[in-house]
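Please read the structure below before turning to the comments.
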2 protein chains.
Amino acid sequence: MTTIRDVAKKAGVSVATVSRFLNGSGYVSADAAKAVTDAVDELKYELNPVARSLNTKQSHLIGLIVPDITNPFFPELARAVEDVALTYGYTVILCNSDENPEKERNYLETLKKKYIAGFIVTSNQLDAPHYANMALPIVALDRAINDRIPTVSSNNREGAVMGTQALLQRGCKDILFLRGPEKLNPANDRFEGFMEAITESGVNYHIVTCPFHFADSEKIVEGFLKEHKEIDGIFASSDVSAAGALKAAVTLGIQVPAELQIVGFDGIAMGEMLSPGLTTIAQDVYKMGAIATRVLIKRIENQEIEQHFYEVPVQLKLRGTTRSVEK
Amino acid sequence: MTTIRDVAKKAGVSVATVSRFLNGSGYVSADAAKAVTDAVDELKYELNPVARSLNTKQSHLIGLIVPDITNPFFPELARAVEDVALTYGYTVILCNSDENPEKERNYLETLKKKYIAGFIVTSNQLDAPHYANMALPIVALDRAINDRIPTVSSNNREGAVMGTQALLQRGCKDILFLRGPEKLNPANDRFEGFMEAITESGVNYHIVTCPFHFADSEKIVEGFLKEHKEIDGIFASSDVSAAGALKAAVTLGIQVPAELQIVGFDGIAMGEMLSPGLTTIAQDVYKMGAIATRVLIKRIENQEIEQHFYEVPVQLKLRGTTRSVEK
DNA sequence: TTGAAAGCGGTACCAG
DNA sequence: CTGGTACCGCTTTCAA
């Protein structure tokens, strides 16, 4: 392994000069620069990031903390983070937290020791002390919140309004809203959006809380539909719940979208595989991840960030679980 | 930050002794040990992994190279790797290669500089020189092979036999096999398994190559079924393709499973969300990841590994796209 | 058993 | 502009 000393010797300058040149810090004469460049080339010298880390107490590592990569929302996020990170020369460490504060803290500690540069976090524990007291740059994703931590999320409220209106415009007169877990910010925003739109319309509605879990949602919806034959529209806070609702409808012999229309939320790939295809409010998860990563890297590199709160627009994706608009 | 020197001072011994004690290397008297332990406790000393890395040229980092974490097969794999790695005190770095040799090589190089301990790789480039010449421990996953790299994969051939027989036992007389990409080892093994079972049965069959991609598969199958109304069973090399086939059948008004039975391969979560639920040969992806990680860590820590090739059993999961067995 | 000291490969201060 | 050198925090050799 060739070291900076080898380069210095070959270039006929001191290691200090080589280091300065390599880092663009301090003055280096044109001659010296040339000599160093040549030496680096000839020796195929590559800087040792570990040695550098030890000095600078910095690394080009980014930690990505998600509840569970297995949850269909996160792979695309991870992909975006990794893509952007790579572009800027950063490497990403994947951490599954299971929303467990202990695990989260453990990761933060462990990685801090490795001089990790910053974290992108999806968690509900963001207000917990282990985040508040972190000296490192953090960007929060999706579920957020703390005035000193930049956040990027979808426009959940507006998306919910759009989804509700989609059902309304297509003639639904009795809508079931599948509300997500009360602890999740996005779920609450979606709930608000729904309430806003439905109240304004004066249309009849019901609200049932559903975890973002397929089989559970299926069971809950099946039970509910048996008791409420009048339901002609379901707006689910997640695609997984929507898929559960669709399956429940099929089981009960209810025609979708003729008798019952369904709209989901998320836009995960599975939606198009269902029959009929799932109409949904699609989030631009990739974009969220990309923005979060760029913001984080700016923070790491002490650049100004334009905003503190980024809201990524969502989009109505019409597929087979809804009819065409009534004229 | 408290360093090993602080501990040494407090314990009244030299840093060398502290280091030896902490690493369990070399001799340390009981007295010294006690003093060090106490000092560590009092000072809440924690070893600096970066400084250690610089010396040992080792880290507790594992690289996980996958084509694309967005592909439904990989999140669970990543989850398993991360879980097991955490258990042994390792941290995992996520790398999306897109099956691009350049990207792969780039990761290998970059991470080698960080003194990464080893890699778990899912790739078709495994025979490329950048792997062959790696001095680091590697474990290959799923698609494999090189006699010096341990491999863990599903029992694809046997799974394909099981899947085919499932169709046969349920009365299928004209089966369409959706073959996966020819470059993929698992796809080839599945193909072999199918051929073995179908040949033995003497039942009529067709083979069509399909990428592991939903929309493409749907289109291909739809076209094929239009021309071949006699098909009464489809065995797909992947669940995604099976989902495409199912959707094509629905579009064409073909009753599943009454007129056409379908079996997929993979066992991804999406399968149960379809209507009817997708019968499939489920791989134990989590187990594969867990085994691969344990094997890798053994290699890293210079322990003996029992085998060089691990085959994880698959399992037939009966759901709605197949009927009950005919008596 | 123990400790002094020489690294590991860079960074950065400070004098020249 | 440049170079000598202390130092980042830990490991390891070698002599005592």
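Quick caveat, the model's predicted, so the values are computed rather than measured. Below, chains carry the letters A, B, ... as their sequence lines are ordered, and counting in each starts from 1.
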Next on the checklist: Of all nucleotides in DNA chain D that come within under 4.0 Å of a heavy atom of chain A, which is furthest toward the 5' end and which toward the 3' end?
Outcome noted: D/dC1 to D/dG9

Checklist entry - Looking only at heavy atoms, which two atoms of A/L111 and B/T91 are closest? And how far apart? => result CD2-CG2, 4.0 Å

Checklist entry - OP1, OP2 of C/dG3 versus side-chain N and O of B/T17: anything below 4.0 Å? => result yes

Next on the checklist: On the side chain of A/R20, is there an atom forming a donor-acceptor pair with the base of C/dG10 - under 3.5 Å, no angle test?
Outcome noted: no

Checklist entry - CG of A/L54 versus P of C/dA12: gap in Å, rounded? => result 12 Å

Checklist entry - Nearest to the side chain of A/N55, which nucleotide is it out of C/dG9, C/dG7, C/dG3? => result C/dG9

Checklist entry - Under 4.0 Å between a side-chain N or O of A/T3 and OP1 or OP2 of C/dG9? => result no

Checklist entry - Where the side chain of B/D38 meets the backbone of B/A35, is there a donor-acceptor pair that is under 3.5 Å apart? => result no

Next on the checklist: I'd like to know if B/D98 and A/R79 make a salt bridge, using a cut-off of under 4.0 Å between side-chain N and carboxylate O.
Outcome noted: yes

Checklist entry - Salt bridge check: are A/R105 and A/E102 linked by an N-O gap of less than 4.0 Å? => result yes

Item to check | side chain to side chain contact (heavy atoms under 4.5 Å, CB included), paired with B/V7, selected from B/V13, B/T17, B/L43 | outcome: B/L43

Item to check | Length of the line joining A/Q58:CD and C/dA12:P, which is rounded to integer Å | outcome: 12 Å

Checklist entry - CD1 of B/I4 versus P of C/dG3: gap in Å, rounded? => result 12 Å

Checklist outcome for this item: 5'-most contact on DNA chain C (nearest-nucleotide basis), A/L47 vs B/R5, goes to B/R5

Checklist entry - Taking DNA chain C as the partner, which of residues 26-43 of chain A come within under 4.0 angstrom of it by heavy atom? => result none

Item to check | N/O donor-acceptor pair under 3.5 Å between B/S53 side chain and B/Q58 backbone | outcome: yes

